[in-house]
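Let me begin by presenting the structure, written as structure tokens, before commenting on it.
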Amino acid sequence: MTQEFKPVRVRFAPSPTGYLHLGSARTALYDYLIARKTGGQFILRIEDTDRKRLVDGAEEELMSNLRWLGMEWDEGPDIGGHYAPYRQSERKEIYQEYGEKLVESGFAYYCFCTPQRLAAVREEKQKKKEPPHYDRICRSIPIEEARERIAAGESHVLRFKTPIEGTTIVKDLLRGDISFENKTLDDYILIKSDGWALYHLAAAVDDHLMKITHVVRSSEWLPTSPIHSLIHQAFGWDEPVWVHLSVLLKPSGKGKMSKREAVELSGEGHSIFIKDMQGLGYLPEAVVNWVALMGWSYDDHTEFFSMQDLIEKFSLEKLNPAPAATNFTKFDYFNKLHIKVLSDADLAERLQPYFKTAGIQTDKKVLEKIAPIVKERIVTLDDAVEMAKFFFTDKITYSKERILMEGCDAKGTIEIGRRILEELKSLKEWNTADLDLIVRGMMEKEGKEPKQFLGFLREVISGQKISPPLFESMEILGKEVVLKRLENALRFIEENFD
RNA sequence: GCCCCCAUUGUCUAGCGGCCUAGGACGUGGCCCUCUCAAGGCCAAAACAGGGGUUCGAGUCCCCUUGGGGGCACCA
């Protein structure tokens, strides 16, 4: 579709009723990518017409999450724009005005049915195995009578006068023409009794007024999409290009992400909420790469993408309409990949906060030296703390199970340890290559295997079963520290074994 | 119950009628390398849901079945 190369205007329109999650982040990403690719605009619009469901701070959190992921919007509630305001709660009168227009043109009507009656109707229809829709009795109330009742203060809503016959075709970019029998559609409420517009009206009005060219949203909207088409038609407006994305399924592939699933995931060190990603040690680059590929692909082998790559290569046409299961194992893989390409300085900087959270004071210079040796052995940034904390503390806790050299008793370990100590003391050049040479030389002289000899030293310098490579670690620690730890370790053995 | 969408290995996917004895990646298993953990290298198992058409030829187009998913609020 050549249209795609013309600048698009797309909006990401979340409602501040919760936190930004994987699914909505992906929608925002696709919006962002196509806007950047075509040189168009990425607009942030807050859909907060449901005043009861607002969550305190959600809007701020949402914006900061979006920015963390690397998506800046061109127009939005905080930065304004030509079509401001971008918060629907500040556009109430606009919706009322357009609602009234529909009444005048005969496409909408006032309904005075009480919620109780509606519930009863719904129940009745369900019992008769019919679609649980409104029975449209208010549709026949003459407009003059309706206005009198409103003037008299009667509670009312505004409903769309959905055609009863015929078919409505929604042109979806990914699925082609989707047809709906109008008789299966409801007379949806446009404006609630409290005067606030509902999504159907508000979104249509805003999309038109804000000159949105492409509406990219979740396929959960597919069932009501004919109403949105019909509303545009009623106003005589051109419809935007509809792009209904697949739904993100839970890891099992059975059903979409639910609150319950989110809780279970957090028990496994995962989260579907963007706000949690940083704390869990994930890179925004990894989130973007991973999420981009859930429902989109470039070719049959490329899978590493930076935001810049995505902007260059993204296209709406290659979107996959089939639902996709969320695969957190693959997320870990992408995180590793993106950690690996970070520069040492960059990685060091990103690592620092995790050590701080763990209560470990770090040194920037040392952290930069550690970066290259932990780089390819951590999955998440916080993994580095466990692996490298011994670089920043003198309090090494030895384990009685591991401190003795494999195949040796306490006496033997101490004897060899002392010989190592003397040898290292006399070592002039303290670097990885020389350490490697001298230590291995001793190992052979002692007739020990690497896992015995080097394993012992690993425990000595780190107190850990797993550590970055030994000689590199020794070089970074420095001669003084290593000798000190060896002495401490030998003392530990003397004190704990007889 | 009704409406709508979807359908390639366990998962994400490539495939837009012949290039497919179906490609890549994650994961899984094995081997190699190896100071732990990783990384890396090599190899393996693993899929076109089923049935009808259309066509010289179908994973690719059409229909049905089945399966999965989504929706049916004075939420978005």
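Numbers restart at 1 for each chain; the letters A, B, ... are given by sequence-line order, proteins then strands.
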Provide the distance between the two [atom1] atoms, one in [N] and one in [M], to the nearest whole Å.
{"N": "B/C26", "M": "B/A14", "atom1": "C1'", "answer": "15 Å"}
{"N": "B/G51", "M": "B/U60", "atom1": "P", "answer": "12 Å"}
{"N": "B/C2", "M": "B/C19", "atom1": "P", "answer": "42 Å"}
{"N": "B/G30", "M": "B/A47", "atom1": "C1'", "answer": "22 Å"}
{"N": "B/A22", "M": "B/U13", "atom1": "C1'", "answer": "13 Å"}
{"N": "B/C32", "M": "B/U11", "atom1": "C1'", "answer": "28 Å"}
{"N": "B/C48", "M": "B/G40", "atom1": "P", "answer": "30 Å"}

**Message:** Looking at B/C35, I'd like to know if its phosphate oxygens (OP1 or OP2) sit under 4.0 Å from a side-chain N or O belonging to A/Arg440.
**Reply:**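 Looking at the OP1 and OP2 atoms of B/C35, one of them is under 4.0 Å from a side-chain N or O of A/Arg440.
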**B/G40 OP1/OP2 closer than 4.0 Å to side-chain N/O of A/Lys336** =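 Negative; the distance criterion is not met.
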**Request:** Can you see which heavy atom on A/Val287 is nearest to which on A/Met277, and at what distance?
**Result:**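 What the structure gives for the nearest pair is CG2-CG, 4.1 Å.
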**Asked** ring pair (Phe, Tyr, Trp, His ring centres under 6.0 Å) with A/Trp290: which of A/Tyr333, A/Phe334, A/Phe328, A/Phe305?
**Response**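 Filter result, single survivor: A/Phe328.
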**RNA chain B: 5'-proximal contact among A/Pro131 and A/Ala13 (nearest heavy atom)** =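 It is A/Pro131, whose closest nucleotide lies nearer the 5' terminus.
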**Item:** More than 12 heavy atoms of other groups within 6.0 Å of A/Phe180 CZ
**Value:**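 More than 12 heavy atoms, drawn from other residues, nucleotides or ligands, come within 6.0 Å of this atom.
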**Request:** Look at all strands and tell whether A/Phe334 reaches a base, only sugar-phosphate, or nothing, counting heavy atoms closer than 4.0 Å.
**Result:**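 Result for A/Phe334 = nothing.
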